[in-house]
Amino acid sequence: MTIPNARTLDSLDGRIILALDKDPEASALALSRTLGVARNTVHARLARLERSGALRSFSRRLDPAALGYDLMAFLSLSISQTRTGAVEDGLAAIPEVIEVHATTGDADLMAKVVARSTADLYRITNEILEIEGIQRTSTAISVLELMPPRYDGLLSRLSEQESRPSH
């Protein structure tokens with residue numbers, strides 16, 4: 001998968017994504033009418049955005065609480081640097097681990113985890129600790145999401161810029 005960067009998106013891409021954010025079920029034809037752009041252009045842009053990884057899977061919009069996972073926690077993980085692959089594979093095998101980032105600072109990795117309860121979080125943490133290469137964890141429980149992930153401000157800024165040639 002190609003990791004998108006700022007050069008992969010232009011103002012039309014931003015306008016398309018903002019329009020999809022407002023109406024996720026909009027067809028390429030509906031988007032073309034809304035944006036005043038040819039349907040084939042919108043279709044080609046959507047295909048390119050999906051191929052590049054700029055548009056992620058629909059399930060990323062899902063609220064974990066809708067699946068019964070009301071508890072969210074962030075685990076700082078210290079790992080053995082020689083076991084990085086095994087750690088990544090082990091974390092990927094645990095469905096409740098929904099996001100992992102390599103970080104700087106005291107921890108090597110930061111994992112976002114969902115659980116049904118504190119007892120369930122305890123079970124998940126122990127499962128993580130059983131992964132070969134995990135040396136220790138530190139857990140912070142989210143008590144309230146103050147601001148969910150948001151990109152509309154960045155997209156608005158991008159869509160207002162003059163069109164640049166796409167790559």
Side-chain angles (χ1 to χ4, degrees), residues 1-6 8-9 13-28 30-31 45-81 83-159:
M1 176 172 87
T2 303
I3 298 175
N5 60 42
T8 64
L9 301 179
D13 295 327
R15 290 174 52 218
I16 290 170
I17 296 168
L18 280 171
L20 274 175
D21 209 28
K22 290 177 184 164
D23 183 4
E25 296 179 13
S27 65
L31 289 170
R45 291 294 184 109
L46 288 171
R48 182 180 55 81
L49 290 167
E50 288 178 20
R51 269 193 321 276
S52 73
L55 285 182
R56 296 179 176 174
S57 67
F58 183 78
S59 65
R60 291 182 59 104
R61 296 179 62 161
L62 184 65
D63 181 352
L67 297 171
Y69 294 91
D70 294 322
L71 184 72
M72 185 173 298
F74 299 91
L75 277 67
S76 300
L77 307 173
S78 295
I79 66 170
S80 168
Q81 298 302 315
R83 302 298 305 167
T84 304
V87 169
E88 288 179 31
D89 292 344
L91 291 171
I94 302 171
E96 295 88 354
V97 177
I98 61 171
E99 201 171 322
V100 178
H101 296 266
T103 59
T104 61
D106 293 335
D108 299 306
L109 302 174
M110 182 69 68
K112 186 176 182 181
V113 175
V114 294
R116 296 182 185 278
S117 64
T118 53
D120 192 36
L121 179 60
Y122 181 78
R123 175 194 60 80
I124 296 163
T125 302
N126 282 325
E127 194 173 337
I128 290 170
L129 283 167
E130 290 174 9
I131 297 170
E132 188 175 347
I134 299 279
Q135 295 175 330
R136 90 183 144 273
T137 68
S138 176
T139 304
I141 294 175
S142 172
V143 293
L144 179 65
E145 182 179 62
L146 296 176
M147 182 173 51
R150 62 190 181 106
Y151 302 100
D152 56 332
L154 297 173
L155 288 166
S156 292
R157 180 182 294 161
L158 176 66
S159 68

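The residues of the chain are indexed from 1 along the displayed sequence. Because only heavy atoms are used, hydrogens play no part in the values below, and waters and symmetry mates are left out as well, while side chains stay in.
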Supply the atom-to-atom distance [X] [atom1] to [Y] [atom2], rounded to the nearest 0.5 angstrom.
X: Leu71; Y: Ile141; atom1: CG; atom2: CD1; answer: 5.0 Å
X: Glu96; Y: Leu121; atom1: CD; atom2: CG; answer: 10.0 Å
X: Leu75; Y: Thr139; atom1: CG; atom2: OG1; answer: 3.5 Å
X: Asp152; Y: Lys22; atom1: CG; atom2: NZ; answer: 9.5 Å
X: Leu154; Y: Leu18; atom1: CG; atom2: CG; answer: 10.0 Å
X: Ile98; Y: Met72; atom1: CD1; atom2: CE; answer: 5.0 Å

Which heavy atom of [X] sits nearest to which heavy atom of [Y], and what is that distance?
X: Arg15; Y: Ser159; result: CG-CB, 3.3 Å
X: Asp70; Y: Ala65; result: OD1-CB, 3.4 Å
X: Gly68; Y: Arg116; result: O-CG, 3.4 Å
X: Ala115; Y: Ile124; result: CB-CD1, 3.8 Å
X: Ile79; Y: Gln135; result: O-OE1, 3.6 Å
X: Ala86; Y: Ile131; result: O-CG2, 3.9 Å

| field | Gln81 and Asp108, any side-chain heavy atoms less than 4.5 Å apart | value | yes

| query | Stepwise, does the side chain to side chain contact (heavy atoms under 4.5 Å, CB included) test hold for Asp21 with Leu155? | reply | CA-CA 10 Å; Asp21 209 28; Leu155 288 166; 5.7 Å; no

| request: Check step by step if side chain to side chain contact (heavy atoms under 4.5 Å, CB included) holds for Leu9 and Leu49. | output: CA-CA 8 Å; Leu9 301 179; Leu49 290 167; 3.1 Å; yes

Counting only heavy atoms not in [X], do more than 12 sit closer than 6.0 Å to its [atom1] atom?
X: Arg123; atom1: CZ; answer: yes
X: Asn126; atom1: CG; answer: yes
X: Glu132; atom1: CD; answer: no

| message | Assess the residue pair Glu25 and Asp23 against the criterion (side chain to side chain contact (heavy atoms under 4.5 Å, CB included)); give the C-alpha distance rounded to whole Å, side-chain angles, the decisive distance to 0.1 Å, and a yes or no. | response | CA-CA 5 Å; Glu25 296 179 13; Asp23 183 4; 4.0 Å; yes

| remark: Per side-chain contact (heavy atoms from CB on, under 4.5 Å), Leu46 is matched among Asp13, Ile17, Ile16 by Ile16

| Can you name the one residue among Asp89, Thr84, Leu91 that meets side-chain contact (heavy atoms from CB on, under 4.5 Å) with Val87? | Leu91

| said: side chain to side chain contact (heavy atoms under 4.5 Å, CB included), that's the test. Do Thr137 and Thr125 meet it? Break it down for me. | reply: CA-CA 8 Å; Thr137 68; Thr125 302; 3.8 Å; yes

